[in-house]
Amino acid sequence: MAPSKKKHASSQPCIIPGGFAVLSLQFNSDSAARHSLYVKEHKVRAEKSSHRPLDRTLFVLNIPPYCSEDVVKELFSQFGNVESVELRDHPGSTQESGPKLSKFFRPAGKQGFNVGYVVFKKSSSLTAVKSHPHDVPLVVCTEQRPVRTGVQKWIQQYTQSFIHPDKLQQTVDSFMENYDKHKEEEAERQKKEAEQQKEEEEGWVKVTRGNKGTKARPHSEAANQRTLQKEMRKKKRKELMNFYTWQHRNTQKEHIAELRKKFEEDKQRIALLRAQRKFRPY
Amino acid sequence: MILSDCFHEEEENEAPVKAKRIKPDAGEEEEVVYHPVKLSRNDLYRPPTAEELNQLKEAESLFHCSLLKMQGIIVCVYVQCLTHLLDQLSFQKVSDLSWLSGTVKVPFLLLPKITKGKFHMAPPASIDLIGSYPLGTCTKPHVMVDLAVTIPADVLHPKDVVNQRYPRKRALYLAGLAQYLTSSSDIGTMRYSCLHGNRLRPVLLLTPPDKNSSSFTVRVHACPPPGFFKPSRFHPQRNNIRTEWYTGLQTSHSGKIPPTPHYNSSVLGDLLPRAHLQFLSAISSQCSAFADGVALLKVWLRQRELNQGTGCFNGFLASMLMAYLLTTHRISNTMTAYQLLRNSLNFLEFHSAFQVVFVDPSGHLNMCADMTACTYMQLQHEASVSMQFWDNPTVDGFHSLLMTPKPMIRTSDHVFQLCELVKLQSSCKKLNLLSELMDHSGNYIHTALPFILSLLQQGLDQRIQLLTHSLSPDPEWSVESEAPKYKAQPPLSFGLLFRPELAASVLERGPPADSPKAAEFRQLWGLRSELRRFQDGAITEAVLWDGESMCQKRLVPKQIITHLLQLHADIPESCVRYVGAMVDDVIKSGSEVPSTGEEKSLAVVQSYDDLSRKLWRLEGLPLSITAVQGAHPALRYTQVFPPKPLKMDYSFFDKEKTCRSLVPKEGKPCPAYITPITVICHMEGSGKWPNDRLAIRHIRAAFHIQLGELLRKHHKYTCRPCPTHLDVWKDGLVFRIQVAYHREPQVLRESVNPEGLLVVRDNEEAQALEMATIHKPLLTSTLHGLQQQHPCFGAVCRLAKRWLGAQLFTPLLRFNHVGFLRFLHLLSSFDWKNNPLVVNLNNQLIAADYTEIKNGFMASRESLPVMFIATPKDKKLSMWTRRAPNVQMLQRVMMVAAESLKVLEQQLMDGNQIQDVKVVMRPPLEVYDAVIHLNPKQVPLLSQAVDPPSVTFSRGVMTGSAAQSGGSLPVIDYNPVSLYLAELREAFGDLALFFCDPYGGTVIAVLWKPKAFSPVPFKTSQVSARSVKVTGDEANTVPNVEAILEDFQIMGKGLVKSVEARTEKWSF
């Protein structure tokens, strides 16, 4: 494949249709090939989250796997102070839900190419990035800031995978404490709701099967289906089979139809076999 | 319906041959996919005619499936389609003949040279068609039309039966015919052959010259006029070859003249073919299905390689057997072809009084004179196996009986060959077989064979179920060359079918020392036999063979065979080519004692059993353990290289202080790879378990900590708890214990939708968990049981996995040589597209299930995985293959499997080739687009490679017995190659495929995906590793190949030696 990178003679920024500026990136100063980063100011209509302010956030595409959040932060700090960096495997809004997990329990991130949201301290940094000349590459690994890859990285990973049992125990304990507290609060809330309902109905007390005001059995899809099936079965049981002459006749007819169908099916399979030349012995 | 179908078939067949040949080919190329039948309502529900009802009924009652019947009919139709071809052969009477010129040779080994008698050439008295063709029972692909040419009476003399005079005259007569026929151009090619390998009965083969020549061959037999010789002369006790003449010595008439039964029967066989034909055609006119039945039986025989060569059960015998059954009213005239076949097999299976004597209707000829007892036993064995298949409703009987070839190399457990057949001459001398040699007129191979067979049978005795031998094929030679010598025959192959429980025992215990049988035993075993005292106090003769490990013990029969042949038949060991355990090399790993890992697997299983017992006994856990299950291939005996207990060299590693464990050092080679052996530990269900996925995970982590603590306290094991598992260092092995809670998959599936309704939705996470905690342990225990039933299952599985690994297919599939061959055969020939593969573990499936599986499969073929494997527990989904092989990969696997099978079978059966069975394990690298060469230092499993390297690296392992429990935790599950592969696949998985042999492969092969390089419009979700090309207003992206190739280097720094890009192959 032809080298697709356009070598611009002048030190001009390269803007492609779609509004993305192209920055080139190389691993270290000796490497011959370059990746291209595509950057643009972060602009989303329905973004409410506070940690991606629209005027200061840079949206970066195609970050190679060996660039961690820290590396990206370092790379972009030449354009202005960076507040935070967030790497994700595909673009989209954040959907953080549930309690904050400790690092032991967080699912392992993907090691592929990432997209990044770089939040600068000042919005002027964005224009600095976009006007960066295309043919001056960003360098990932330098003398001052070595980036570990390959065997070094794997050994580091292996070393970091050790967790001291006590620390782990602590994490578990604190999580479970939180969880229990949360559970209790929930129960409390439900109880209160139930009481409120009682009061509203002016003297009439609603009688339910549950003892604590909640339903004993959570209504679920499966339960719904089960009741439906039960009904069907009941209906079927009541039916009489082969009682009338026409019913008998119908059964016979069905039987013959079944046989014919099977015969046809088999014939077709034979045709198929023959077409595939499975009859090799002859 | 059937009838009309048949007629249609026949019309088709009458069309010119050319047109017929084209049709199936065209069918092969177009995509044939099965679609469910759609009959219109009208068709289905129209009133049935009486005839149709009968047919449907019959089809259902006679066969498991009406399919069988229709297949049978089509076979027969194919078989009978030759009538019109005969007209091409017009044979003119021989009128005038000058004597033999030098070009045509006489098809006879003149040994001894001289015999008395006069011969002149004369036109034949008559020419008749005989044999299967006029009976309509011949089968494709080698259609033989037998033509009997009667030698005129004045050429022969009634005394000619003596001293091979008649056979020689017959050979001369054939040569005369051949001489005459060379002059006419439209005869085609001529070759000599001999009938069933009997050199006394040469025949002339004529092949028509035109294009469809392959379709049939005419075989010309020369016969004496009917009734020319008196049949009583050929009684088995009579002598027709004089010893004086044969040996050339004048011996005194002191002893009895030895009878020559084989010679007699070979001459007699020439007298009777016309009578036999009459007899058979009379039978066949009585019974309409006779011809079809015989044809089916012949096909059955051919698939088992029983119908060709010396002493075969040929087509003629098949029809005679059928005729015998008909005349004795074992089968009735009105039966169908299919029933005839069934009854004949039934007869073969049960008729034990039936020796290898089968007398023809005239009462003079034993038609099975050349057959050895072993061949007959094989026939019986095959018949009984076939009957079992037939009666098993879950097997497609037709396919396995009549359409699957069973060559010896795939049916016998071990095969060995006798190479230099000249040596048999000396064994004839040693065995004292002169008169038999005379009877066989010098054919020392056939003379010695029965004796060798009975010797082996005696020696292997209880170890084998069946001893078979290959039937030497009929030699064929051109009319211009001399008849080949006996030693020119291909090597004789013998197949052994073992009794698994006895085959590998190292001790042969004989009779007590004082019993009269002891002498016999000593005579058989020679010097190997010695007196031994046993634990029960008995003192008996015994032979002890060497063999320590399982793989050596498997070769005990080889020792026995070579010993016996050397001792009794003078056949040196160099002549015996033993095929068995040749492929085992690739899974061999032992250092002192060569072993194929059975013992190591056993050690692992024992250690695991110990651990599980200790887990059960633990006290102080808040919930009790309900089950401990292994879920690792090593525990089902299918790990290619079972884990080996290791002792670590602490100075080799860095240390991690807080957790007392070792860490790989940067400058050193990668440490030895230690596989964690997964053990699933099910905890009791209780109300205390939370109902939330995250909370469950935390509780599990707490369990891991606690288990580790207890194991450390009570048993001093070094443990490392993690949120997902607990590693235990025990007996030099690492066990990875995972706590499981049976409701967790359910909890993962449940979610509450906005309306407050509890919805159960299947998702990947739940499936993965279920796979790990429920299905894998189940599979492990099932396969463990299977291993107990079939001891070689483990080895076969490991070989198969090794092959898949070596051919770089491992990301696709999760699975002794015969089994390996069968596996390859299955893989290459199974029609994955149109059939499910049903694995009936423990016979849990019944016939109804089979149809259910098939129907379900047909109905939803499109949505199911390409490789569909159904098991008793998993009838609908084929969970093991859902993710893995896609269409292209499966195609390639099948192709490579077929190729490997071919190579392997050829090598195993052909002694001349260089013995390197590892060829099938070496992958071709030409097809790949880029190859990443790895630094062998950092490949931890290097020693397991197909071709182990000459240099080895220290990997921090000390020799000597495995460390006891305790001490620092070693480096577990650290394999740079697999880490690198995972990273590559995550980063570039959408652009390329990466292949690597997980067992010590030092190359990673890269294949670009076909669509990867077509430019796509710029999209934020699709820019990974791509560069933009702007043309006008559009921005398109293509992969940035230079950067990607450099990334291969960067990401694998320290591991990658070089990246070789095969740019010349790329076409974008």
Side-chain angles (χ1 to χ4, degrees), chain A residues 1 3-5 16-18 27 31 33-36 38 61-62 64-66 90-91 98 104-105 110-113 149-152 154-155 158-159 162-165 168-169 172 175-176 179 218-222 253 256-257 259-261 263-266 268-270 272 275-277 281-282, chain B residues 24 27-28 32 34 37 39 44-45 48 56 66-67 70 75 78-79 140 299 403 656 658-659 663-664 666 695 697-698 701-702 705 721 723 757-760 938 974 976 979 983 986-987 1018 1020-1021 1023-1025 1027-1030 1033 1035 1038 1040-1043 1046 1050-1055 1068:
Chain A
M1 82 155 283
S4 50
K5 228 172 298 90
I16 58 167
F27 182 71
S31 38
R34 294 169 184 183
H35 273 296
S36 329
Y38 307 102
L61 285 171
N62 197 21
Y66 39 76
H90 57 89
F104 313 136
F105 286 93
K110 283 214 162 178
Q111 293 167 313
F113 283 80
T149 60
V151 175
Q152 287 180 339
W154 295 319
I155 290 180
Y158 184 78
T159 318
F162 290 105
I163 310 164
H164 200 269
L168 185 62
Q169 186 70 51
V172 170
F175 177 86
M176 287 318 288
Y179 177 76
H219 61 196
S220 69
E221 209 180 26
K253 238 160 125 187
I256 288 175
L259 281 180
R260 271 187 193 143
K261 206 170 135 205
F263 203 78
E264 281 305 313
E265 270 175 11
D266 288 349
Q268 209 175 357
R269 275 184 63 193
I270 299 264
L272 189 71
Q276 290 168 328
R277 293 289 282 171
Y282 317 102
Chain B
E28 207 168 33
V32 233
Y34 183 85
V37 188
L39 282 182
L44 272 182
Y45 292 101
L56 289 175
S66 41
L67 188 60
M70 303 209 305
V75 172
Y78 267 116
V79 160
K140 275 183 181 176
V299 168
M403 302 202 11
E656 151 80 40
T658 52
C659 297
V663 167
E666 260 173 40
R697 273 171 58 197
H698 282 84
I705 297 171
L757 193 70
L758 189 70
V759 197
V760 180
Q938 294 292 343
Y974 170 73
L979 289 169
E983 270 186 27
E986 256 177 34
F1018 184 86
T1020 53
S1021 57
V1023 286
S1024 301
S1027 57
V1028 174
K1029 258 187 195 170
V1030 183
D1033 255 0
V1038 283
N1040 187 354
V1041 178
E1042 292 161 49
E1046 201 181 278
I1050 294 169
M1051 288 162 69
K1053 202 177 138 206
L1055 172 67
F1068 306 124

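Order of the sequence lines fixes the chain letters, A, B, ..., with proteins taken first and strands second; residue numbering starts at 1 for each chain.
Using modelled atom types, one side-chain atom of A:Thr149 and one backbone atom of B:Ile1050 make a donor-acceptor pair closer than 3.5 Å.
For B:Glu1046, the part lying near chain A is the side chain, with the backbone staying farther off; criterion is any non-hydrogen pair under 4.5 Å.
Every residue two or more places apart in sequence or in another chain that forms a side-chain hydrogen bond (donor to acceptor under 3.5 Å, both in side chains) with A:Tyr66 is listed here: B:Asp1047. Residues forming a side-chain contact (heavy atoms from CB on, under 4.5 Å) with B:Leu979 (at least two apart in sequence, or on another chain): A:Trp154, B:Tyr974.
Ranked by heavy-atom pairs shorter than 4.5 Å toward chain A, the options B:Gly1054, B:Ala702, B:Ala987 are led by B:Ala987. With chain B as the partner, the residue from A:Thr159, A:Val172, A:Val151 showing the most heavy-atom pairs under 4.5 Å is A:Val151.
Between A:Phe113 and A:His35, the ring center distance clears the sub-6.0 Å criterion.
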